[in-house]
S.K.: 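Quick one: the structure is below, and I'll ask about it shortly.
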Amino acid sequence: MRAIRQEVLGGPEVLREVEVERPEPGFSQVLVKVRAAGVNPTDWGHRAHGIFLGPPPFILGWDVSGVVEATGFGVTLFKPGDEVFGMLPYPFGVGSHAEYVVGPARAFAAKPRNVDHVQAAALPLAALTAWQALNDTARLRSGQRVLIHAAAGGVGHLAVQIAKARGAYVIGTASANHHDLLGELGADEVIDYHAQPFDEAVSGIDVVLDPISGDYSARSLTTLKPGGILVSLLPFAPETPAAAERLGVKAELMLVEYDHQGMTAIADLVTEGKLRPVVAAAFPLAEAAKAHALGETRHVAGKLVLTVA
Ligand SMILES: NC(=O)c1ccc[n+]([C@@H]2O[C@H](COP(=O)([O-])OP(=O)(O)OC[C@H]3O[C@@H](n4cnc5c(N)ncnc54)[C@H](OP(=O)(O)O)[C@@H]3O)[C@@H](O)[C@H]2O)c1
């Protein structure tokens with residue numbers, strides 16, 4: 001099969017299209033013929049720095065939308081021909097930037113019929129992150145006020161919609177050119193973080209979702225009401241938990257996990273018309289390097305996706 005592999009760490013130019021052995025599904029696994037695969041910041045992070053995976057060679061990609069080709073021993077959830085989407089076990093189950101990939105059956109859910117594979121591939125990692133942060137970690141409830149940083153980004157634009165579907169009052173931070181989009185997605189207020197410090201603009205927040213970290217962690221804590229929670233997607237400074245305790249709030253760091261129930265909840269929201277991925281651009285698999293280079297600008301609204309013929 002064709003796959004995008006790298007032999008060394010480096011810039012987008014280290015990504016090479018190569019022929020490799022097609023994987024076989026093991027116990028409880030499915031082999032999926034990839035139709036489209038999302039690209040996430042963790043892809044370009046691993047490409048450049050190895051992070052959790054260590055030194056290459058490796059094939060990147062955690063997001064998948066495609067068709068079940070074969071099932072391994074004991075799989076009952078899916079059969080060959082089923083259209084599925086999902087996130088491979090993060091971080092070591094990687095490898096969807098290829099024509100085929102194997103993963104646990106329970107990493108997948110049935111692809112909603114009202115989206116195509118490109119749209120479906122834009123969802124798994126980013127939507128699961130937003131879902132697990134807001135639903136599982138913060139236990140967001142109707143009527144609560146939520147502040148979502150990088151609200152136009154891959155995670156952010158889905159978090160805005162998930163929070164709205166929960167009945168929350170949603171405030172996002174984004175550059176001014178993304179404010180109209182966020183209004184269309186349901187944000188109640190949008191702060192241009194270039195024009196105004198967000199921590200001077202908002203207060204009385206129940207939940208902050210923060211994909212930025214750095215000085216955003218401490219500043220976000222001050223926007224929370226007592227009992228509120230900061231959910232950070234990147235490690236925060238070691239003094240953050242103590243600062244949170246002094247303010248009577250919580251600070252949690254979360255790492256996304258593969259999650260059949262979460263994927264099913266996401267599929268239901270898509271089917272109900274409450275969640276729609278914004279695909280900023282789609283590139284053929286062979287042009288993965290272009291997707292990485294665009295993503296690394298850090299100012300894409302929505303998601304980047306690779307398509308597999
Ligand atoms: N812990 C986990 O499991 C987990 C899971 C998913 C993602 N993450 C991490 O979360 C981060 C975001 O992921 P993503 O997929 O959403 O990334 P992304 O799509 O690349 O985010 C791009 C967005 O970030 C916004 N942005 C950049 N700097 C900003 C700032 N200072 N304030 C507010 N917005 C800013 C940009 O908004 P404007 O163009 O409007 O300025 C842009 O729309 C990444 O670092 C990723 O590695 C962690």
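None of the values given here were measured: they were computed from a predicted structure. Every heavy atom of this structure was used, including side-chain atoms; hydrogens, water molecules and symmetry mates were not. For ligands, and for the atoms within them, numbers begin at 1 and follow the listed sequence.
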S.K.: Check each atom of ligand 1 against the heavy atoms of Leu255 and keep those under 4.0 Å away; list them by number with element.
M.R.: 1 (N), 3 (O)
S.K.: Are any of the N/O atoms on Asn40, whether in the backbone or the side chain, positioned under 3.5 angstrom from an N/O atom of ligand 1?
M.R.: no
S.K.: Membership question, hydrophobic clusters at under 4.5 Å side-chain separation (ILVMFWY): are Met87 and Leu77 in the same one?
M.R.: yes
S.K.: Have a look at Glu257, Glu296, His178, Met87 and point out the one with the heavy atom closest to atom 40 (O) of ligand 1.
M.R.: His178
S.K.: Given Asp63, which of Asn40, Leu88, Asp43 fulfils the side-chain contact (heavy atoms from CB on, under 4.5 Å) condition?
M.R.: Asn40
S.K.: So Phe27 and Phe73, would you call those rings parallel, tilted or perpendicular, with 30° and 60° as cut-offs?
M.R.: tilted
S.K.: Is it the side chain, the backbone, both or neither of Lys303 that has a heavy atom closer than 4.0 Å to ligand 1?
M.R.: neither
S.K.: Within the structure, is a non-hydrogen atom of Arg298 found at a distance of less than 4.0 Å from ligand 1?
M.R.: yes
S.K.: Using 30° and 60° as the class boundaries, would you call the ring planes of Tyr90 and Trp62 parallel, tilted or perpendicular?
M.R.: tilted
S.K.: Where's the contact between Ile212 and ligand 1, heavy-atom distance under 4.0 Å: side chain, backbone, both or neither?
M.R.: side chain
S.K.: Polar-atom distance check: Pro41 versus ligand 1, any N or O pair below 3.5 Å?
M.R.: no
S.K.: Looking only at non-hydrogen atoms, which of Gly153, Ala127, Gly45, Ala130 approaches atom 21 (O) of ligand 1 most closely?
M.R.: Gly153
S.K.: Return yes when atom CG of Asp180 has more than 12 non-hydrogen atoms of other residues, nucleotides or ligands closer than 6.0 Å, and no otherwise.
M.R.: no
S.K.: Flag yes if Ile59 and Leu285 sit in one hydrophobic cluster, no otherwise; membership is Ile, Leu, Val, Met, Phe, Trp, Tyr, and two members link when side-chain heavy atoms are under 4.5 Å apart.
M.R.: no
S.K.: Is the shortest side-chain N to carboxylate O distance from Lys164 to Asp188 below 4.0 Å?
M.R.: yes
S.K.: Given that the side chain starts at C-beta and the backbone is N, CA, C, O, which of these parts of Val155 lies under 4.0 Å from ligand 1, counting heavy atoms, or is it both or neither?
M.R.: both
S.K.: Does one hydrophobic cluster hold both Leu15 and Val18, with members joined at side-chain heavy-atom distances below 4.5 Å?
M.R.: no
S.K.: On a heavy-atom basis, I'd like to know which of Tyr193, Phe198, Tyr216, Trp44 is closest to atom 29 (C) of ligand 1.
M.R.: Tyr193
S.K.: Considering the heavy atoms of Ser175, write down every atom of ligand 1 situated less than 4.0 Å from one of them.
M.R.: 38 (P), 39 (O), 40 (O), 41 (O)
S.K.: For atom 10 (O) of ligand 1, what is the closest protein heavy atom, and at what distance to 0.1 Å?
M.R.: Pro211 CB, 3.5 Å
S.K.: Under a 4.0 Å heavy-atom limit, does Val300 contact ligand 1 with its side chain, its backbone, both, or neither?
M.R.: backbone
S.K.: Do Tyr258 and Val102 sit in one hydrophobic cluster, given that two such residues count as connected whenever their side-chain heavy atoms are within less than 4.5 Å of each other, even indirectly?
M.R.: no
S.K.: Among protein heavy atoms, which sits nearest to atom 5 (C) of ligand 1, and what does the distance come to when rounded to 0.1 Å?
M.R.: Thr129 OG1, 3.2 Å
S.K.: Is the closest basic N to carboxylate O distance between Glu69 and Lys33 below 4.0 Å?
M.R.: no
S.K.: So which protein heavy atom does atom 8 (N) of ligand 1 come closest to, and at what separation?
M.R.: Leu233 CB, 4.0 Å
S.K.: Nearest non-hydrogen atom to atom 19 (O) of ligand 1 belongs to which of Ala301, Gly295, Gly154?
M.R.: Gly154
S.K.: Can you hop from Leu234 to Leu147 via hydrophobic side chains spaced under 4.5 Å?
M.R.: no
S.K.: Among all protein non-hydrogen atoms, which one is nearest to atom 9 (C) of ligand 1, and what is the separation to 0.1 Å?
M.R.: Leu234 CD2, 4.1 Å
S.K.: Identify the closest protein heavy atom to atom 3 (O) of ligand 1: which residue and atom is it, and at what distance?
M.R.: Val256 N, 2.8 Å
S.K.: State which residues pass side-chain contact (heavy atoms from CB on, under 4.5 Å) with Glu252; sequence neighbours excluded, sorted by chain then number.
M.R.: Thr137, Ile229
S.K.: Any idea which protein heavy atom is nearest atom 25 (C) of ligand 1, and the distance to it?
M.R.: Ala150 CB, 3.6 Å
S.K.: Report the nearest protein non-hydrogen atom to atom 39 (O) of ligand 1: residue, atom name, distance rounded to 0.1 Å.
M.R.: His299 ND1, 2.8 Å
S.K.: Looking at Gln119 and Pro277, what are the two nearest heavy atoms and their distance?
M.R.: O-CG, 3.4 Å
S.K.: Counting each atom of ligand 1 from 1 as listed, which ones have a heavy atom of Thr173 under 4.0 Å away?
M.R.: 33 (C)
S.K.: Run the numbers for me: atoms of ligand 1, each under 4.0 Å from some heavy atom of Ala152, listed by number.
M.R.: 43 (O)
S.K.: If you measure from each heavy atom of Asn177 to ligand 1, is any distance below 4.0 Å?
M.R.: no
S.K.: In ligand 1, which numbered atoms sit nearer than 4.0 Å to a non-hydrogen atom of Ala174?
M.R.: 40 (O)
S.K.: Show every ring pair (Phe, Tyr, Trp, His ring centres under 6.0 Å) that has at least one partner inside residues 181-237, sequence neighbours left out.
M.R.: His149-Phe198, His149-Tyr216, Phe198-Tyr216
S.K.: With Arg145 as reference, evaluate Val170, Val207, Asp206 under the side-chain contact (heavy atoms from CB on, under 4.5 Å) test and give the passing residue.
M.R.: Asp206
S.K.: If you measure every N or O of Met254 against every N or O of ligand 1, does any of those distances drop under 3.5 Å?
M.R.: yes
